[in-house]
Amino acid sequence: MAVGLATVTAALQGQAETRFALVPYPQSLTAQEGTFKTAKPAEEVWKVETDGQLPAEGYRLRITPDGVTCAANDKAGAFYAAQTLAQLRSGKAGAFTYPCVEITDAPKYKWRGVLIDDCRHFFGKEKVKRVMDLMAQHKLNRLHWHLTDDQGWRLDIPGYPELARHSSVRAASGKHGTRPHVRMKDYSALLNGETYGPFFYTEADMKEMIAYAAARHITIVPEIELPGHVYAALSAYPELACFPERLKGKGPLCAWGIEQDVLCVGNDKAIKFMEDVLDYVCRLFPGDTVHIGGDECPQVRWKTCPKCQARIKANGLKDEHDLQPWLTRHFLKFLDARGKRAVGWDEYLLGDVPKNAIGMSWRAGGGGAGHKFLTPLECVKRGHDLVMTPRTHCYLDYGQGLADDPFQYIGGRVTLEKCYSFDPCEGIPVELRGHIFGGQGNNWAEYTWNEYDLDWKMWPRTCALAEALWTAPSRRDFPNFLKRMETHRKRLIAAGVNCAPLR
Ligand code: ACM
Ligand code: ZN
């Protein structure tokens, strides 16, 4: 990348990459002579002031030999100043040293996210807390938590006990190195025969996680998938599917792919089920948004389902293509009445969907899974706000191009440099860029079994995404990032993170 090399190099003043190995890099940094020495961490002895001129989440930090002052306009700003100080610190308790510097900083984008898929493989409270610790250190502020899918349902819901009892357990998983897929005639030989689960969060667990997130200025965005990717729930409550007999005696899927048995949109009981789930989710999670999935929903069952066909007729819809937008409109209103905005994968914007629906654009680089899709430009032209997560730059379950990599990937390739080159506003005219909230790295977990595997795929690529979302393009430069990462990767490894090599 050639962006801003001269500016960055000048600002860094020679050897500053190692002296100020900050990730993400601040918007303005002026190195100064000298150091500040202190027995306690600087954020315990600093002076903090409020500056109403600073933007949301922004801060100003001044380190002199005599002490540290921080100015911020909100608590998040002071929190991010403390994260910067932690990266500037050397020495140990009783004898810390900080380089003298003046930093003025604020994020480029307000949505700086990470998706954790707890359905395909389950990570659990302690591992997700660790992800949040690392997110905070990199000034990331949205945990998009994928809690329901074909292969598992991970949230206890009052009134639907079978979700925790039945839908959180699958009979087996694919053996390491295999690729069981729902479209295969028989994948039983690929399965390991080990019961997986029960794995789910109780209300008390979630309250603990919500408080943990809040203390780190992270907003949890819970995702409840509808109307597709819902097989785990349907296997507990077959009457919510178009053809219940197909689900009887079944459990969550043990293979990956796009399942054709989806929610029966013609069935009032199925709508009521999702209303009950989302009503509970709205009350439990304090955040401003709820993700309602919407991706990869085949319509083949709806085509022959009498209830779905009756719904089409009763509402004057054209055919089964109109059912998902009908459902989306219903749940947009439902969430709006509860003070939440809906987010959904880009498919859910197809058809007649009101502007207040936030899109999560994952196929920006081209169509996916044989489905039609709206480009980011088409979405913003229709008035939708967008979170950008193109699989070409943000899918961390894709290979990272390392010569010697012990882990299995779903396919594709997203190198560290590719992550770094992520520009959420690519192809969006200046006057429509206000619709781009930011972006996130997606850690789909079909082939990610545990935290070591997750660490390796997340880091260092999430460092690159964090900088793409925080730092202005004029301050970004890949060779300079790599230099800083030589120091920063050592920090991550010292903290026990199974960080992959830089190249
Ligand atoms: C997706 O990757 N199916 C959103
Ligand atoms: Zn149906």
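Whatever order the structure lists them in is the order used to number ligands and atoms, beginning at 1. Below, each value reflects all heavy atoms present in this structure, side chains not excepted, and no hydrogens, waters or symmetry copies.
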Angle subtended at the Zn ion (ligand 2) by SG of Cys305 and SG of Cys264, nearest 10°: 110°

For Glu296, counting its heavy atoms only, list the atoms of ligand 1 lying under 4.0 Å from any of them. 3 (N)

Is there a polar contact between ligand 1 and Tyr395, counting only N or O atoms under 3.5 Å apart? yes

If we ignore angles and hydrogens, is there a donor and acceptor under 3.5 Å between the side chains of Tyr420 and Glu467? yes

For the pair Lys125 and Glu208, find out whether any cationic side-chain nitrogen is under 4.0 Å from an anionic carboxylate oxygen. yes

Geometric cation-pi criterion, Arg154 with Phe200: 6.0 Å, 45°: no

Which segment of Arg391 sits under 4.0 Å of ligand 1 when only heavy atoms are counted: neither

Do any nitrogen or oxygen atoms of Asp295 come within less than 3.5 Å of a nitrogen or oxygen of ligand 1? yes

Per-atom filter on ligand 1: closer than 4.0 angstrom to a heavy atom of Trp444 are 1 (C), 2 (O), 4 (C)

Taking atom types as modelled and ignoring hydrogens, do the side chains of Asp133 and Tyr212 form a donor-acceptor contact shorter than 3.5 angstrom? yes

Going by heavy atoms in the side chains, are Ser173 and Leu191 under 4.5 Å from each other? no

